[in-house]
Amino acid sequence: MIYVRDKGRMCNNILQYGHLYAWGREHGRKTMSMRFAYKYQYFRICDTPHHHFATYLFAKYAAKLGLMPVVQFNDINEDTTPQEQVMLTRRHVLAEGWCVHWFDLFLKYKQEIIRLFEFKDEVKQTVDALLAQQPESDILLGVHIRRGDYRTWQGGRYFYSDEQYLAYIRQFLAMHSGKRVSVYVCGNDPELDTEKLRLALTAPADNGPCACEVVFPQGNPGEDLCLLSRCDYLMGAPSTFTLVASMYRNTPLCWIMDANKPLSSDSFDYFDYLFRHII
């Protein structure tokens with residue numbers, strides 16, 4: 001068994017585990033995610049064999065006491081042959097690290113990974129109820145306002161203001177003039193001025209009214225991810241959250257790399273390309 005000690009937050013964990021799951025499937029090795037054994041209980045994987053707290057404790061302390069080897073993936077450019085040899089030959093291994101990447105294998109087993117991270121019924125039912133309450137729309141746009149540690153990470157490179165997000169949403173609306181668009185805004189900023197954004201997007205513009213509904217779901221992380229995965233287009237600062245949301249239905253995703261660059265159809269790309277280019 002390969003026990004995957006995931007790094008970072010929920011969607012980092014999904015991608016990290018997905019790479020090791022795919023490697024394990026290719027080489028006939030079972031895997032379990034230590035993080036999804038006890039945390040982020042929104043997905044089918046959390047109810048599969050070995051994903052429970054007792055297994056998490058076993059793996060944690062067996063590694064800590066030196067009863068099983070630990071392999072690390074900390075350099076994206078390193079030769080991983082030594083780590084793979086350990087995972088092939090040892091009965092129990094703990095694997096961890098930010099730089100665990102087998103892109104081709106991930107794509108080979110992507111549908112299995114998606115099924116593992118299918119949302120539980122209660123999550124889907126909450127999202128279904130929210131969508132059913134909204135007026136019928138031609139297009140659902142999911143916007144993820146990522147702030148938090150982005151204020152300082154890479155010098156605040158992707159820490160965008162409300163006005164910058166608004167500008168991108170308005171450009172999207174202009175690209176789909178005549179369509180009824182519902183905008184679902186999720187994020188990790190507890191101080192987000194939702195009323196300001198709502199008024200700015202629903203008030204008549206100089207060139208006519210915006211055909212736009214704005215919704216702030218304020219769900220838990222699993223519900224927000226599920227909701228974004230149901231949208232027709234996604235946009236936001238570069239983040240694994242929108243990346244994973246795009247994975248479920250191959251949804252076009254615009255990572256706002258430069259808030260001063262105009263939005264166009266070329267601004268959108270797909271999971272199979274973007275997940276190889278995580279910042």
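One-based numbering along the sequence shown.
- Using a 4.5 Å heavy-atom threshold, the side chains of Leu140 and Ser182 count as touching.
- If you check the side chains of Ser33 and Asn13, you find no donor sitting under 3.5 Å from an acceptor.
- Between Glu195 and Arg198 there is a salt bridge, since at least one side-chain N of the basic residue sits less than 4.0 Å from a carboxylate O of the acidic one.
- Contact of the His144 side chain with the Leu234 side chain is not registered, since no non-hydrogen atoms from C-beta on lie closer than 4.5 Å.
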Quiz prompt | Audit row: Phe103, Phe106, ring pair (Phe, Tyr, Trp, His ring centres under 6.0 Å) steps and yes/no | solution = CA-CA 5 Å; Phe103 294 110; Phe106 190 111; 8.3 Å; no
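- Classified by interplanar angle (parallel below 30°, tilted 30° to 60°, perpendicular above 60°), the ring pair Phe73/Trp102 is perpendicular.
- A perpendicular orientation is assigned to the rings of Phe117 and Phe36, their planes being inclined by more than 60° (bins at 30° and 60°).
- Put simply, the side chain of Tyr40 never gets that close to the backbone of Cys46: no donor and acceptor are under 3.5 Å apart.
- Ring planes of Phe58 and His92: perpendicular class, angle over 60° (limits at 30 and 60°).
- Side-chain contact between Tyr158 and Met257 is present, with heavy atoms from C-beta onward closer than 4.5 Å.
- In this pair, Tyr17 and His51 present their aromatic rings perpendicular. The plane angle is above 60°, beyond the 30 to 60° band.
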Quiz item: Run the side-chain hydrogen bond (donor to acceptor under 3.5 Å, both in side chains) check on Asp128 and Gln125 step by step: do they pass?
Solution: CA-CA 5 Å; Asp128 288 342; Gln125 289 165 5; over 6 Å; no
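- In summary, of the residues considered (Glu26, Glu112, Gln16), a side-chain hydrogen bond (donor to acceptor under 3.5 Å, both in side chains) with Tyr21 occurs for Glu112 alone.
- Between Phe119 and Phe43, the two ring planes are tilted [angle within 30° to 60°].
- The side chain to side chain contact (heavy atoms under 4.5 Å, CB included) with Val181 is formed by just one residue from the set Asp138, Asp232, Ile139; it is Ile139.
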Quiz item: Given the rule in the side-chain contact (heavy atoms from CB on, under 4.5 Å) test, do Cys254 and Leu263 qualify, once you have shown the distances and angles that lead to the verdict?
Solution: CA-CA 9 Å; Cys254 169; Leu263 180 72; 3.8 Å; yes
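- With respect to the salt-bridge test (charged N to carboxylate O, under 4.0 angstrom), the residues Asp189 and Arg147 qualify.
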Exercise. Run the numbers on Val214 and Leu197 for side-chain contact (heavy atoms from CB on, under 4.5 Å), then give the verdict.
Key: CA-CA 8 Å; Val214 185; Leu197 293 176; 5.7 Å; no
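- Between Lys196 and Glu163 a salt bridge is recorded (basic side-chain N to carboxylate O distance below 4.0 Å).
- With a 4.5 Å cut-off on side-chain heavy atoms, Met10 and Phe241 count as touching.
- Nearest approach of Lys7 to Glu96, heavy atoms of both residues: NZ-OE1, 4.0 Å.
- No side-chain N or O of Ser264 forms a donor-acceptor pair with one of Asp266 less than 3.5 Å apart.
- Here the side chain of Arg29 pairs no donor or acceptor atom with the backbone of Trp23 at under 3.5 angstrom.
- For the pairing with Pro217, the side chain to side chain contact (heavy atoms under 4.5 Å, CB included) check across Val127, Leu227, Leu228 returns one residue only, Leu227.
- Taking the six-membered ring where the residue is Trp, Phe275 and Phe271 present parallel rings, their angle staying beneath 30° rather than reaching 60°.
- A donor-acceptor pair is defined here as one N or O able to donate and one able to accept, closer than 3.5 Å; no such pair exists between the side chain of Arg25 and the backbone of Leu20.
- Between Met1 and Met32, the shortest heavy-atom contact is SD-N, 3.9 Å.
- Of the residues Ile256, Thr240, Asn188, Thr242, the one that meets the side chain to side chain contact (heavy atoms under 4.5 Å, CB included) test with Arg146 is Asn188.
- Side-chain rings of Tyr270 and Tyr273 stay apart, their centers remaining 6.0 Å or farther from each other.
- Judged by distance alone, the side chain of Gln134 and the main-chain N or O of Leu131 form no donor-acceptor pair under 3.5 Å.
- A donor-acceptor pair under 3.5 Å links the side-chain atoms of Gln171 to the main chain of Ala167, judged by distance alone.
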Self-check item: Residues Asn12, Trp98; criterion side-chain contact (heavy atoms from CB on, under 4.5 Å); working and verdict
Solution: CA-CA 9 Å; Asn12 298 108; Trp98 287 103; 3.7 Å; yes
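- Between Leu192 and Phe216, the closest side-chain pair of non-hydrogen atoms falls below 4.5 Å.
- Looking only at side-chain heavy atoms (C-beta outward), His52 and Thr55 come within less than 4.5 Å of each other.
- By the 4.5 Å heavy-atom criterion applied to side chains, Val143 and Phe172 are not counted as neighbours.
- The side-chain contact (heavy atoms from CB on, under 4.5 Å) check on Ala63 picks up Met68, Val70, Leu94, with sequence neighbours excluded.
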Practice problem: Take Leu107 and Arg276 through the test side-chain contact (heavy atoms from CB on, under 4.5 Å) and record every step on the way to the result. | Solution: CA-CA 11 Å; Leu107 293 179; Arg276 295 178 183 266; 3.6 Å; yes
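- A side-chain donor-acceptor contact under 3.5 Å links Asp6 to the backbone of Arg35.
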